[in-house]
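Notes follow the structure.
Quick caveat, the model's predicted, so the values are computed rather than measured.
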Amino acid sequence: VATDPRVSRKKFEREVQLFRHQQEQHAKTGIWMLQAEYPDVVVAFATPKSPQVFVPFAAHIDFTDYDALPLSVTLVHPFTRKPLKLSEVLPQAIPNFQHNTPPRVARFKVDPMAGLVHDSILQGYDNDDPKPFLCMPGVKAYHRHPAHTGDSWWLHKGAEGSMHTILHALWKYGVRDIVGQNLVFQVVPAGYVVQPQVEQVAQMVLQLAAQAAPAELPAEGGPR
Amino acid sequence: MSNDKKITLTVVVASTPIKIETNINVPLQSVAEKAIDETHQAVKDLNRWEMTTQAGAVLNYGTKVGDAGLKDGETILMNIRTGVTG
């Protein structure tokens, strides 16, 4: 035991109380607390901007050993509470955006050299990975990963490693910018897939198109 | 400073609410610094915080409180910018 359970429970109660204090605002943005019973908190995330509401995932947060150790966070099915495989989380891919494993819970940005790129917070080895993990400071799986042993939890303890910050990141990168769905029909294999429209991506694509457009326009006074 | 330029904002800093009395002519940076200080945040660097309206619109620290369209009694949010790594 890294933290006296009485200490962890106190911290659990404080963070749950802070969440409940803002519960009305959280509910408006699609963040719903489904369960809060020490040491477990389950929070579901819904898409706040889409006309048809999706609930792509819930997060199970385990306060055991918090905060000598970071919070343990697992994405789970909102109904069954079973951990989700990577493929079971709504992907945020867009057409012509090539990925072996489409990004999920990801931040999109425009890189001057590479164009439209993404950072995936949810990491998995492949679509069937039964234990994808949140690769962000403040989450236990991140600090236990061999690639991050140099980034100590003690550098992030506090607001950055709080339940609030983790929930905010999941909301911001996981559901906030989903504004609808695109139906993409595929000939091979037969069937169809549902892809969410990601507002952030759409805006960046337009921004890239706008940057590229002047070069394609004829020079003033030139041939039309 | 006349009283009619004073307003009180509720700033929710990483889920902790705090009331900040300010002036419509000061930049939001001043509000952010006060809010971080008064909620005793360990992270002081403003660049590591993102300030937004409740609707999610990002607020620039250089913008004056009045120019940002903030009214007396309004609530704004401050959250740590997530260090996404992957």
### Query
Of the listed residues (A/Met163, A/Glu15, A/Gln25, A/His26), which shares the most heavy-atom pairs with chain B below a 4.5 Å separation?
A/Gln25
### Query
Can you tell me how far the OG atom of B/Ser15 sits from the CZ atom of A/Arg14, to the nearest 0.5 Å?
9.0 Å
### Greater than 12 external heavy atoms within 6.0 Å of A/Gln23's CD
yes
### A/Arg81, CZ: over 12 other non-hydrogen atoms inside 6.0 angstrom
yes
### Message
For A/Asp4, give me all partners under side chain to side chain donor-acceptor pair (under 3.5 Å), at least two apart in sequence or on another chain.
### Response
A/Arg6
#### Entry: Partners passing side chain to side chain donor-acceptor pair (under 3.5 Å) against A/His164 (at least two apart in sequence or in another chain)
B/Asn79
### Task
Kindly compute the distance separating CZ (B/Arg81) from CD (A/Glu160), expressed to the nearest 0.5 Å.
12.5 Å
### Task
Against chain A, label B/Val12 side chain, backbone, both or neither, depending on which of its atoms sit under 4.5 Å from a heavy atom there.
side chain
#### Entry: A/His60: side chain to side chain donor-acceptor pair (under 3.5 Å) partners, not counting sequence neighbours
A/Asp40
### Heavy-atom closest pair, residues B/Gln41 and A/Ala159
OE1-CB, 3.2 Å
### Query
Which region of A/His21, side chain (C-beta onward) or backbone (N, CA, C, O), has a non-hydrogen atom less than 4.5 Å from a non-hydrogen atom of chain B, or is it both or neither?
side chain
### Task
Using a 4.5 Å cut-off on heavy atoms from C-beta on, say whether the side chain of A/Gln22 contacts that of B/Pro17.
yes
### More than 12 heavy atoms from other groups under 6.0 Å of NZ on B/Lys71
no
### Message
Counting neighbours of NZ on B/Lys64 that are heavy atoms of other residues, nucleotides or ligands and sit closer than 6.0 Å, is the number greater than 12?
### Response
no
### Message
Counting only heavy atoms not in A/Gln52 (residues, nucleotides, ligands), do more than 12 fall under 6.0 Å from its CD?
### Response
yes
### Query
Taking only heavy atoms into account, what residues of residues 46-54 of chain B are found under 4.5 Å from chain A?
B/Arg48, B/Trp49, B/Glu50, B/Gln54
